[in-house]
Undergrad: 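Take a look at the following structure, please.
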2 protein chains.
Amino acid sequence: MFNDASHHPPAAAQGKQGPTSESSAEKVLNLLLAFSASGREMGTTELSVKLGLHKSTTSRLIKTLVNAGFLQQNPSTRKYLLGISAYQLGYTASRTLNARLLAVAHPYLYGLAQQTGESVAMEMVSGINIILASHVEGPSHLRFNFQQGEVLPINVAAGAKAILAYSSPDFVESCLQGEFKRFNDRTIVSKEDYRKLLKQVKAEGISYDRGERYEDIHAMAAPIFFADGSPKAAVIIAGPASRLTDSFFRSAVSPLKETAATISRSLDL
Amino acid sequence: MFNDASHHPPAAAQGKQGPTSESSAEKVLNLLLAFSASGREMGTTELSVKLGLHKSTTSRLIKTLVNAGFLQQNPSTRKYLLGISAYQLGYTASRTLNARLLAVAHPYLYGLAQQTGESVAMEMVSGINIILASHVEGPSHLRFNFQQGEVLPINVAAGAKAILAYSSPDFVESCLQGEFKRFNDRTIVSKEDYRKLLKQVKAEGISYDRGERYEDIHAMAAPIFFADGSPKAAVIIAGPASRLTDSFFRSAVSPLKETAATISRSLDL
DNA sequence: CTAATTGTTGCGTTATACGGAACATAAACT
DNA sequence: AGTTTATGTTCCGTATAACGCAACAATTAG
C-alpha cells in the first residue's frame with residue numbers, strides 16, 4: 001500500500017550532530033559487527049532496518065563484502081552469513097592477541113611467583129579446550145612443575161574453572177561435551193555439581209583446586225579478560241598442599257586478583 | 001529489457017589504472033586483509049604504500065578502524081595490530097562456518113557409510129586440537145564406534161594426519177608441542193618420522209591408520225578444504241582390521257576422495 | 001641542534017556514495 | 001494457473017563525503 005510513508009525523522013537531525021553521520025567505511029564495519037553480534041543469517045532488508053540504512057545502500061555494501069569474501073550467501077535461504085575472510089581475519093587476530101597476551105603477561109606472572117614464592121602459570125582458551133600457555137617456576141625447591149602446552153581437564157584445572165565461570169553458557173556447554181575423568185576421590189565428576197561450582201566461582205572471582213587432580217597439589221586461579229569482557233585466560237598459582245593452606249589462599253587472593261586485573265588492563269591499550 | 005543501454009563509461013575509460021577505482025568500503029576491507037595476510041604490526045606509511053593509498057587517506061581509515069575496535073595501537077611501537085572486533089568477528093565466523101560444514105557434510109558422510117558399509121566420521125580443527133565433530137555409524141554389526149567431541153591424539157588419528165599434511169608449517173609445529181603418546185608398537189612416537197609421514201600423505205592425498213591406536217582398527221582419511229584452501233576438517237572411514245584390508249583401502253580411495261572434494265565444493269557456494 | 005622520517009589535521013575540489021523510485025525476483029495467498 | 005506481498009538489485013542526478021595537497025606535529029636519527 002503505502003509502505004513508503006517513512007515519515008521517520010532524519011535520525012538525530014539537529015542537536016549538535018553528536019554522532020556525526022557515519023562514513024561509508026564505518027557502515028561496512030558496523031555491518032560486519034551486526035553479524036558478529038547476532039551470528040544468524042540475515043537478509044538485506046533485515047540488515048538495513050537494523051543499521052538504519054537504506055536498502056539500496058545496504059545492498060551495495062553487501063555486494064562489496066561478498067566480493068571481499070567477508071560475507072557469503074547461503075544459496076538455499078538467499079540470506080548472508082560470514083565468509084572466509086572474516087574467519088581468516090579472526091584467526092590472525094587470535095594469534096596476534098595471544099602473542100600479545102603472552103608478552104604482556106609474562107613479567108606480571110614472574111612478579112607474582114616472586115611475591116608468593118610459588119609456581120605461577122597462565123592458561124588460555126584454544127578452541128573448545130583450555131591449554132597451559134605459559135608458566136614461571138617458583139623459587140622454592142619443592143614446587144609444582146607445569147607442563148607447557150598441555151590440554152587441561154576442565155573439571156580439575158583451577159584456571160579452566162575461572163575462565164568458564166565467566167564464559168557464555170553456550171561455550172561452557174560445548175566444553176562440557178566429553179566425560180569428566182576421575183583422578184581421585186576429590187575430583188568433581190558430576191556435570192551438575194560443576195555448573196553449581198562455576199556460579200560460586202563467579203561470585204568469588206577466584207577458583208580453587210584442593211587436590212582434585214594430584215592429591216598433594218593445591219592451586220588457585222583468577223580470570224583475565226579481553227577488552228570485550230570475554231575471559232580468554234587465567235592466572236594460576238600452584239604448589240604443594242602443605243604450603244597452599246587456607247591461610248595462604250586468603251593472603252594470596254588480593255595479589256592474584258590484582259595481577260589478573262593488571263594484565264587485563266594492559267591488553268586494552 | 002535494455003532500455004537504459006547502460007553504456008555509461010564506468011571508470012574503465014578513466015586514465016587511472018586498475019579496473020575500477022576502489023570505493024572507500026573496499027579500502028577498509030583491504031586494509032583489514034593486509035593485516036590478515038601479514039599478521040605483523042604495521043604503521044601508517046607502510047600500509048599506505050602496500051595498498052597504494054595516500055598517507056592521509058590511510059591515516060583516516062586507520063582511525064575509523066581503531067574506533068570500531070578492528071585495530072589497536074601498540075603503545076610501545078606506535079604501530080597497529082588487529083583488535084578485539086576482528087577477533088570476535090572471526091570467532092562468530094568460525095562458529096557459523098563450522099555449523100554450515102556440519103550441516104552440509106552430514107548427508108555425504110551418510111552416503112559414504114552406506115556405500116562402504118563402514119562407520120564414517122568427520123574430524124575438525126578446534127584451536128590447536130583436532131576433535132571428532134560428527135559421525136555416522138556403519139550398517140554392519142561389527143563396526144567402529146566414534147566418540148563424539150573427543151580430542152584426538154594427532155599422531156594416530158587418520159583425520160589429523162590428513163589435515164596437518166596440508167596445514168602451514170607454523171600450525172603443524174604448534175600442534176606438535178606435546179609428547180606423542182604410545183598406544184602400541186605401531187604407534188608413531190618420533191616427531192621426525194611424523195613430519196616425514198605428512199609429506200607422504202600430502203603426495204597421496206590420503207592418510208591411513210593401520211592399527212596405530214587400537215590394533216584391530218584400521219582407518220583412512222581425506223581432507224576437506226575451506227574456500228581459502230585451508231584444511232579445516234577430514235572425512236574418516238574406520239572399521240575392523242579384518243575388513244579394512246589393503247584391497248578395501250584401494251577400492252575406497254576414490255569414493256573417499258570424491259566425498260571430501262564434494263563437501264569442500266559445497267562450502268564455497 | 002638540525003635533519004630526516006613518520007603520523008595527523010585543514011581546506012577547496014571532485015568524484016563517490018546516497019536516496020528515491022523503477023525494476024526484478026521470489027514467496028505467500030486465493 | 002493469477003495476484004499480492006515481501007524482498008533484493010539497478011539506475012540516475014545530486015549532495016556530500018572523501019581525496020590530494022601541503023602545512024603542521026611528533027619522533028627518531030645524525
Side-chain angles (χ1 to χ4, degrees), chain A residues 1-14 17 19-31 40-68 71-81 269, chain B residues 1-31 40-67 71-81 269:
Chain A
M1 317 305 180
F2 38 87
N3 54 353
D4 52 295
S6 74
H7 37 322
H8 68 264
Q14 68 299 70
Q17 87 244 52
T20 308
S21 63
E22 310 176 285
S23 69
S24 51
E26 286 171 312
K27 284 183 203 125
V28 222
L29 298 179
N30 287 332
L31 191 34
R40 299 193 333 278
E41 299 187 343
M42 289 187 280
T44 308
T45 305
E46 181 178 0
L47 283 164
S48 73
V49 297
K50 186 167 222 150
L51 299 169
L53 301 174
H54 257 249
K55 282 197 307 177
S56 61
T57 304
T58 310
S59 181
R60 281 183 282 247
L61 289 177
I62 289 175
K63 190 188 253 181
T64 305
L65 283 163
V66 170
N67 278 333
L71 294 181
Q72 59 185 169
Q73 191 172 32
N74 184 332
S76 49
T77 66
R78 222 169 306 277
K79 298 185 181 242
Y80 298 91
L81 41 83
L269 312 188
Chain B
M1 186 58 106
F2 48 88
N3 48 358
D4 45 45
S6 80
H7 42 341
H8 77 261
Q14 295 268 84
K16 269 285 189 176
Q17 89 293 16
T20 305
S21 61
E22 307 176 289
S23 70
S24 51
E26 287 171 312
K27 282 179 205 134
V28 222
L29 298 179
N30 287 333
L31 191 35
R40 296 193 333 278
E41 299 187 343
M42 288 186 282
T44 308
T45 306
E46 179 178 3
L47 283 164
S48 73
V49 296
K50 186 166 221 149
L51 299 169
L53 301 174
H54 262 246
K55 282 196 307 177
S56 62
T57 305
T58 310
S59 179
R60 280 181 278 249
L61 288 178
I62 288 175
K63 192 187 254 182
T64 305
L65 284 162
V66 170
N67 277 333
L71 293 181
Q72 57 185 172
Q73 192 172 30
N74 184 333
S76 48
T77 65
R78 224 168 303 277
K79 298 187 180 237
Y80 298 91
L81 41 84
L269 310 191

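Quick caveat: nothing in here was measured; it's all calculated off a predicted structure. Convention: sequence-line order gives letters A, B, ...; per-chain numbering from 1.
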Undergrad: Taking OP1 and OP2 of D:dT10, is either one under 4.0 Å from a side-chain nitrogen or oxygen of A:Lys63?
TA: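 Result: yes.
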Undergrad: Please determine, for the side chain of A:Ser56, which listed nucleotide (C:dT9, D:dT10, C:dA17) has the closest atom?
TA: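 Of C:dT9, D:dT10, C:dA17, D:dT10 is nearest to the side chain of A:Ser56.
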Undergrad: Can you tell me the distance, in whole Å, between the CD atom of A:Gln73 and the C1' atom of C:dA26?
TA: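 Checked: the CD to C1' distance equals 12 Å.
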Undergrad: What is the distance, to the nearest angstrom, from the CG atom on B:Leu61 to the P atom on C:dT9?
TA: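 After rounding, the reported distance stands at 14 Å.
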Undergrad: For a quick test of reading the model: is some side-chain N or O of A:Lys27 closer than 4.0 Å to OP1 or OP2 of C:dA17?
TA: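 Negative; the distance criterion is not met.
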Undergrad: Does some side-chain heavy atom of B:Leu53 sit less than 4.5 Å from a side-chain heavy atom of B:Leu61?
TA: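 Answer yes - side chains close enough.
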Undergrad: Out of A:Lys55, A:Arg40, A:Arg78, which residue meets the salt bridge (Lys or Arg N to Asp or Glu O under 4.0 Å) rule with A:Glu46?
TA: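 Checked A:Lys55, A:Arg40, A:Arg78 against A:Glu46; only one passes salt bridge (Lys or Arg N to Asp or Glu O under 4.0 Å): A:Arg40.
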Undergrad: Do B:Thr44 and B:Ser59 have side-chain N/O donor and acceptor atoms under 3.5 Å apart?
TA: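 Note: B:Thr44 and B:Ser59 side chains miss the donor-acceptor criterion.
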Undergrad: C:dT6 P sits how many Å from B:Glu41 CD, rounded?
TA: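 Checked: the CD to P distance equals 16 Å.
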Undergrad: For DNA chain D, report each stem as range with range, ordered by first number, or say none. Use Watson-Crick or G-U wobble pairs under 3.5 Å, at least 3 in a row.
TA: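 Counting only runs of 3 or more consecutive pairs, the stems involving DNA chain D are C:1-6 with D:25-30, C:8-28 with D:3-23.
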Undergrad: Calculate the interatomic distance between B:Asn74 atom CG and C:dG7 atom C1'; express it in whole Å.
TA: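 Going from CG in B:Asn74 over to C1' in C:dG7 covers 16 Å.
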Undergrad: Does a donor on one side chain and an acceptor on the other come within less than 3.5 Å for A:Thr64 and A:Arg60?
TA: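 Absent: no donor and acceptor within the cut-off.
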Undergrad: Backbone N or O of B:Glu26 within a donor-acceptor pair of the B:Ser23 side chain at under 3.5 Å?
TA: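 Yes, because the side chain of B:Ser23 sits within donor-acceptor range (under 3.5 Å) of the backbone of B:Glu26.
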Undergrad: Please find the pair of heavy atoms, one from B:Ala25 and one from A:Ser24, that lie closest to each other, and give the distance.
TA: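 That closest heavy-atom pairing would be N-OG, 4.5 Å.
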Undergrad: Choose from D:dC19, C:dG19, C:dA26 the nucleotide whose nearest atom is closest to any side-chain atom of B:Ser24.
TA: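 From the listed options, D:dC19 comes nearest.
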Undergrad: Identify, between A:Thr57 and A:Ser76, the residue whose nearest nucleotide on DNA chain C lies closer to the 5' end.
TA: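 Closest to the 5' end, via its nearest nucleotide, is A:Thr57.
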Undergrad: In whole Å, I'd like the distance from the CG atom of B:Leu53 to the P atom of C:dT8.
TA: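 One finds 15 Å between P of C:dT8 and CG of B:Leu53, rounded.
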Undergrad: Is the shortest heavy-atom distance from the side chain of A:Lys27 to the side chain of A:Leu31 under 4.5 Å?
TA: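 SC-SC contact between A:Lys27 and A:Leu31 ruled out.
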Undergrad: For A:Lys55 and B:His54, take the nucleotide of DNA chain D holding the closest heavy atom to each; which residue's nucleotide lies nearer the 5' end?
TA: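 That would be A:Lys55.
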Undergrad: Has A:Arg78 got a side-chain N or O lying under 4.0 Å from the OP1 or OP2 atom of C:dA27?
TA: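 Result: yes.
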Undergrad: Expressed as a whole number of angstroms, how long is the span from A:Leu65:CG to D:dT9:C1'?
TA: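 Those two atoms, CG and C1', are 16 Å apart.
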Undergrad: Could you state the CG-P distance from A:Leu31 to C:dC18, rounded to the nearest angstrom?
TA: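 Taking CG of A:Leu31 and P of C:dC18, I get 11 Å after rounding.
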Undergrad: Tell me which nucleotide among C:dG20, C:dT8, C:dA17 gets nearest to the side chain of B:Thr44.
TA: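 The nucleotide sitting nearest to the side chain is C:dT8.
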Undergrad: The side chain of B:Tyr80 is closest to which nucleotide in this list: C:dT9, C:dT8, D:dC19?
TA: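 Within the option list, the nearest is C:dT8.
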Undergrad: For the side chain of B:Thr45, starting at C-beta, report the closest nucleotide among C:dT6, D:dA18, D:dC19.
TA: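 The closest nucleotide is C:dT6.
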Undergrad: Quick check: on DNA chain D, is the nucleotide nearest B:Gly52 upstream (toward 5') of the one nearest A:Arg60, or the reverse? Name the residue that is more 5'.
TA: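 Going by which nucleotide is closer to the 5' end, it is A:Arg60.
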